[in-house]
Amino acid sequence: MARKRIVKDPPKQGNFTKSQIQHAVEAVVYGLAEDTHYVIRGDNGGWGVKRRGAIKSLRHFPTKREAVHYGREVSRNQKTEFVICHKNGNIQRTNNHRPD
């Protein structure tokens with residue numbers, strides 16, 4: 001059963017930013033924690049490890065296997081949720097390294 005999350009403190013006025021929309025979708029649809037690391041396909045090929053809400057990747061790797069290995073270690077050290085994505089952006093697997 002997926003956990004339900006509520007988006008906190010939406011902007012009072014003005015337009016939503018792309019990042020705010022992305023966070024809301026992730027929180028509602030996927031039920032992901034606020035502290036999450038992702039393995040995602042890079043824009044110029046390869047794979048990157050990115051923290052939720054970040055604009056840039058933490059590191060870029062030529063293969064998915066290397067990115068998953070590095071991302072899992074970072075997620076364990078920082079006690080965050082870890083999400084591996086397919087090439088098309090859909091979630092392949094999640095691991096929870098949070099102490100809950």
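Keep in mind that the numbers below use all heavy atoms, side chains included, and drop hydrogens, waters and symmetry copies.
Distance check: N96 CG to T36 OG1 gives 9.0 Å after rounding to the nearest 0.5 Å. Between atom CZ of residue R93 and atom CD1 of residue I84 there is a gap of 5.0 Å, rounded to the nearest 0.5 Å. With rounding to the nearest 0.5 angstrom, the NE2 atom of H86 is 4.5 Å from the CD atom of Q92.
For residues 40-80, the pairs satisfying ring-ring contact (aromatic ring centres under 6.0 Å, His included) are F61-Y70, with sequence neighbours left out. Residue pairs satisfying the salt bridge (charged side-chain N to carboxylate O under 4.0 Å, His left out) criterion with at least one member in residues 56-72, sequence neighbours excluded, are absent.
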Would L58 and V74 count as a side chain to side chain contact (heavy atoms under 4.5 Å, CB included) here? Give the steps.
CA-CA 10 Å; L58 296 172; V74 170; 4.2 Å; yes

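The side-chain contact (heavy atoms from CB on, under 4.5 Å) search around N44 returns none, not counting sequence neighbours. Among residues two or more places apart in sequence or in another chain, the side-chain contact (heavy atoms from CB on, under 4.5 Å) test is passed with T80 by D35, H37, R51, S75, Q78. Residues that satisfy the salt bridge (Lys or Arg N to Asp or Glu O under 4.0 Å) test with R76, not counting sequence neighbours, are E73.
Across all non-hydrogen atoms, the minimal contact from S57 to G48 is OG-CA, 4.1 Å.
F82 and I91 fall into different hydrophobic clusters, defined by Ile, Leu, Val, Met, Phe, Trp and Tyr side-chain heavy atoms under 4.5 Å apart, directly or through other members.
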